[in-house]
Amino acid sequence: MIESPATQLDQQMIRFPGGFRWGVATAAYQIEGAATEDGRGPSIWDTFCRTPGRVIEGHTGDVACDHYHRFRDDVKLMADLGITAYRFSVSWPRVQPAGSGPANQAGLDFYRRLVDDLRAHGIEPWLTLYHWDLPQPLEDAGGWPERDTAARFADYAMLTHDALGDRVSHWTTLNEPWCSAFLGYGSGVHAPGRQESVAAVRAGHHLMLGHGLATRALRASAPEHEVGATVNLYAVSPQTDSPGDADAARRIDGLANRFFLDPMLRGSYPTDVVDDLREVTDFAHVRDGDLAVIATPMTFLGINYYSRYVVAAPAPEGNREPYWRVPSSWPGSEQVPFVSRGVPVTDMDWEIDSAGLLETLVRVNREYTDLPLYVTENGAAFADRVVDGEVHDPERLAYIDEHLRACHEAIEAGVPLRGYFAWSLLDNFEWAWGYTKRFGLVHVDYDSQVRIPKSSAKWYAEVIRRHGLAAQ
Ligand code: IFM
């Protein structure tokens, strides 16, 4: 039998299941700008950016991509690409400037306009409540290391849900609590820039408690809504088979992955991680009942994946700095060295390892949950240049292509993966790196605010149109 060209093409494609979401993601502080407009209050990132030496070249999110004023153009861009779901975050200090107390109606109205425009273009809004911009007054009161911040977060979640719950049905509590806790309060490379191991561990707990309280309240108020959290997970490997390297991998996997997955999905802290942290904290901040709240059932889990960590055994004791002198994102395991394998890296110096995404998705499904999973961020920074009005970014295209193939393999292996959100729609403010790292599918000229879809954006649009990739 001679097959038609259409059938032949079909056989040459790897197709994603019907209903698979093709998304892009952004975050409020990274794109909105309008930092002092319409009643927005200061966040810890406004303060951090103004602290000399914290953010490259003193960059700030004051203007960013000016999305606050240009959101209609950005929604149109997404519609032109065929994006079916948009993951964005709400700026807490824009909708509740003091972090407690009254809402700022003008701030809520902005998100209402954004969401309505998305829906008018057939794009499903996926709202994240916390992508790192804590209202400064809450940090002044102690920040995430203080228990009260969790309660404030749950109130803010409900305030936002009361305003937008009639038009948004996908709610994510936290984005990457590891970063908020361990970069914000451990190494201090993120806002608020504190370098206190105990505070980092406490912050991690209270972030999860806030997630649990918010999830409970949201689900009680709107049982029909989808509610989940997004964690950033890594594949972690030992450099060699030696017991020392294996222990280093156990420690880093423990802090990066299991510190969050276990409480949120099993209702307990991993005992080996608690043990690794015994010189840092006795976990007295954990109260009876907290873990049950943290493990409040979600309806989906978001996973952000970028790279793999390869680690080795620490140097012998005599050659080490005492742990309390090393500001670190890895409390209790400060001495573990991260090893470079010499494989290709992105502009962030992150090793490209799509096998790690497959490994991570399969692991979460096999070891933790049969909840629907979403890759809520994945993408790469490269030093793109505009040439003759165009931006060619073959490395980013290849990065996303290979990670999408890993997603497809995961689905074939039985993982209930239901969508993929590329990070990011636009080049944007990359935190301590300011505007020096470009992750966007769409190039942004920060002087003129002109947007140019890169070749990866056009390719992604074609993937979406065909609902799959060409088979290799
Ligand atoms: O830009 C960040 C984003 O805010 C959170 N996840 C990782 C991205 C790249 O570093």
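Just follow the structure's listing: the first ligand is 1, and inside any ligand the first atom is 1. Keep in mind that the numbers below use all heavy atoms, side chains included, and drop hydrogens, waters and symmetry copies.
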Could you list the donor-acceptor pairs under 3.5 angstrom formed between side-chain atoms of residues 80-88 and any protein atom two or more places apart in sequence or on another chain?
unit_1 : atom_1 : unit_2 : atom_2 : d
D80    : OD1    : K76    : NZ     : 3.4
D80    : OD2    : K76    : NZ     : 3.1
T84    : OG1    : W22    : N      : 3.0
T84    : OG1    : W22    : O      : 3.3
Y86    : OH     : T26    : OG1    : 2.6
R87    : NH1    : T376   : O      : 3.2
R87    : NH1    : E377   : OE2    : 3.0
R87    : NH2    : N175   : OD1    : 2.6

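- The shortest non-hydrogen separation linking L357 to Y305 is N-CZ, 3.4 Å.
- A donor-acceptor pair is defined here as one N or O able to donate and one able to accept, closer than 3.5 Å; such a pair exists between the side chain of Y460 and the backbone of G23.
- Within the structure, every pair that satisfies the salt bridge (Lys or Arg N to Asp or Glu O under 4.0 Å) test and touches residues 37-51, not counting sequence neighbours, is listed here: R40-D46, R50-D62.
- The existence of a salt bridge linking R70 and D73 is excluded, since no basic side-chain nitrogen approaches an acidic carboxylate oxygen closer than 4.0 Å.
- Protein residues with a heavy atom closer than 4.0 Å to ligand 1 are Q30, H131, W132, N175, E176, Y306, W350, E377, W423, E430, W431, F439, listed by chain and number.
- For residues 171-186, the set of pairs meeting the salt bridge (Lys or Arg N to Asp or Glu O under 4.0 Å) definition, not counting sequence neighbours, is empty.
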